[in-house]
Protein chains: 2
Amino acid sequence: MPSKPAPPITMDAVYAAPGYLFRRMQQIAVSIFMEECKAFDLTPVQYAALVAIHTHPGIDATRLSAVIAFDRSTLGSVIERLQAKDYIERKPATEDKRIKLLYLTRQGAGILKDIIPAVERAQARMLEPLKPADRKTLMTLLVQLVDLNNEASRVPLRAEDALEHLGKAG
Amino acid sequence: MPSKPAPPITMDAVYAAPGYLFRRMQQIAVSIFMEECKAFDLTPVQYAALVAIHTHPGIDATRLSAVIAFDRSTLGSVIERLQAKDYIERKPATEDKRIKLLYLTRQGAGILKDIIPAVERAQARMLEPLKPADRKTLMTLLVQLVDLNNEASRVPLRAEDALEHLGKAG
DNA sequence: CCTAGATTGGCAGTATACTGTCAATCTACA
DNA sequence: TGTAGATTGACAGTATACTGCCAATCTAGG
């Protein structure tokens with residue numbers, strides 16, 4: 001019995017692969033974000049970190065990484081850069097000498113407030129080529145897929161972790 | 001007339017933003033790819049480059065970047081690593097001393113053939129949590145969106161560029 | 001022919017991402 | 001109480017990505 005013939009190797013197979021499309025779309029999304037926000041000198045990651053610190057003042061780096069689902073190693077340099085720009089400050093925790101608590105500075109809170117319209121323009125532009133109904137469908141499916149694949153990523157999203165520093169048990 | 005009140009800044013707004021979802025999904029996709037393909041020591045980018053060189057033997061680095069829509073600067077180091085693993089070789093072109101032509105080695109062709117089942121498992125796993133009909137819907141919308149946003153990325157996909165080295169005019 | 005502009009590949013610099021390791025520190029259990 | 005194991009932040013090493021610059025080279029126009 002002859003074995004199945006191997007399918008031909010084509011670029012079209014690459015172009016249609018989910019992984020390739022996710023990569024391309026992410027690159028396009030970053031490109032649009034940077035274009036709309038170039039006046040603010042903030043990257044998408046730095047923006048997400050600022051929002052999380054704004055929402056959870058006094059969070060530490062490890063929990064921050066869980067809240068935005070970014071790698072903890074990467075986050076170290078992100079925090080350094082935000083600190084160098086005077087958008088955040090780090091204060092050692094009194095009860096636990098390992099932990100450094102993160103807070104927005106006045107400038108950080110200011111730039112966060114100012115950049116929001118540009119961020120919203122960027123997010124809208126990413127989906128603009130689709131019809132409104134299709135935008136909604138795509139976002140709904142993507143939210144589902146990211147959520148159902150949460151554990152597949154090295155840094156699963158743990159939104160509730162952010163509350164632990166307020167004394168709630170894990 | 002009072003101005004509209006600023007909307008509150010929440011993490012939920014970040015979690016629902018297209019850019020955030022594209023980033024998360026890309027990270028998950030890379031994670032799944034690396035897991036399925038860990039026996040082969042090939043990254044997603046390296047895999048795409050191998051396929052493109054297989055499909056277009058004798059392509060140069062600049063056209064390769066257009067065919068897979070990856071940044072040319074980045075591609076330099078990708079090519080170096082593939083060359084260090086003896087999967088590709090570079091030959092200077094005789095007519096144009098600037099150009100170095102890319103070819104798969106015997107090992108490169110071999111690993112490409114061997115890795116395909118693992119790549120297909122990875123691609124399937126990325127979408128597995130969705131119902132089959134939803135997978136199709138998502139892929140259709142994503143192909144559309146990437147195509148319609150093609151010019152928004154720094155390196156737009158130019159699939160037809162790959163044919164130019166065969167003598168066809170651009 | 002000869003030069004202005006384009007192309008090619010290489011490099012430096014910055015910013016994510018991830019793996020793995022480490023010391024300092026804390027916690028919980030024996 | 002003492003210590004094994006967990007946690008936190010830091011670091012080294014690798015691999016994308018992108019911006020901008022550069023020298024070598026090619027091409028087209030005058």
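Quick caveat: nothing in here was measured; it's all calculated off a predicted structure. Chain naming here is simple, since letters A, B, ... match the order of the sequence lines and numbering starts at 1 in each.
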Taking any heavy-atom pair under 4.0 Å as a contact, classify A/Thr74: base, sugar-phosphate, or nothing. base
Identify whether any heavy atom of B/Val78 sits under 4.0 Å from a base atom; if not, whether one sits that close to sugar-phosphate; answer base, sugar-phosphate or nothing. sugar-phosphate
Could you tell me if the ring centre of A/Phe22 sits under 6.0 Å from that of B/Phe22? no
Might you work through the side chain to side chain contact (heavy atoms under 4.5 Å, CB included) test for A/Asp134 and A/Leu138, ending with a clear yes or no? CA-CA 6 Å; A/Asp134 286 347; A/Leu138 178 62; over 6 Å; no
For the side chain of A/Arg72, starting at C-beta, report the closest nucleotide among C/dG9, D/dA10, D/dT16. D/dA10
Out of C/dC11, D/dC18, C/dT16, minimum distance to the side chain of B/Glu80 belongs to C/dC11
Nucleotide [N], atom [atom2] - distance to [atom1] of [X] in whole Å:
{"X": "A/Leu101", "N": "D/dT8", "atom1": "CG", "atom2": "P", "value": "12 Å"}
{"X": "B/Tyr20", "N": "C/dT16", "atom1": "OH", "atom2": "P", "value": "15 Å"}
{"X": "B/Leu64", "N": "C/dG9", "atom1": "CG", "atom2": "P", "value": "10 Å"}
{"X": "A/Asp60", "N": "D/dA10", "atom1": "CG", "atom2": "P", "value": "11 Å"}
{"X": "B/Ile79", "N": "C/dC11", "atom1": "CD1", "atom2": "C1'", "value": "15 Å"}
{"X": "B/Asp71", "N": "C/dT8", "atom1": "CG", "atom2": "P", "value": "15 Å"}
{"X": "A/Arg24", "N": "D/dT16", "atom1": "CZ", "atom2": "P", "value": "17 Å"}
{"X": "A/Met34", "N": "C/dT14", "atom1": "CE", "atom2": "C1'", "value": "10 Å"}

If you apply the rule side chain to side chain contact (heavy atoms under 4.5 Å, CB included), what do you find for A/Asn149 with B/Met25, and how did you get there? CA-CA 8 Å; A/Asn149 269 326; B/Met25 198 55 229; 3.7 Å; yes
Spacing of [atom1] belonging to [X] relative to [atom2] belonging to [Y], to within rounding of 0.5 Å:
{"X": "B/Glu80", "Y": "B/Leu75", "atom1": "CD", "atom2": "CG", "value": "11.0 Å"}
{"X": "B/Met11", "Y": "A/His54", "atom1": "CE", "atom2": "NE2", "value": "11.0 Å"}
{"X": "B/Lys91", "Y": "B/Ile99", "atom1": "NZ", "atom2": "CD1", "value": "15.5 Å"}

Comparing A/Pro44 and B/Gly76 on DNA chain C - which has the more 5′ nearest nucleotide: B/Gly76
Note: for B/Gln27 and B/Ile99 on DNA chain C, the residue whose nearest nucleotide lies more 5' is B/Ile99
Is the distance from OP1 or OP2 of [N] to the nearest side-chain N or O of [X] less than 4.0 Å?
{"X": "A/Thr62", "N": "D/dG9", "answer": "yes"}
{"X": "A/Arg81", "N": "C/dT16", "answer": "yes"}
{"X": "A/Gln26", "N": "D/dT16", "answer": "no"}

Ignoring hydrogens and angles, does a donor from either the side chain of A/Ser73 or the base of D/dG9 sit under 3.5 Å from an acceptor on the other? no
Would you say B/Gln123's side chain and A/Gly19's backbone share a donor-acceptor pair under 3.5 angstrom? yes
Output one line per pair: protein atom, nucleotide atom from nucleotides 23-29 of chain C, and distance, for all N/O pairs under 3.5 Å.
from, atom 1, to, atom 2, distance (Å)
C/dT25, O2, A/Arg98, NH1, 3.3
C/dC26, OP1, A/Lys97, N, 2.6

Just wondering, do A/Tyr87 and A/Ile111 contact through their side chains at under 4.5 Å, heavy atoms? yes
Pick the closest DNA chain D nucleotide for A/Arg90 and for B/Ser77 by heavy atoms, then say which residue is nearer the 5' end. A/Arg90
When the nearest nucleotide of DNA chain D is assigned to B/Asp41 and to A/Ile28 on a heavy-atom basis, which residue is associated with the more 5' position? B/Asp41
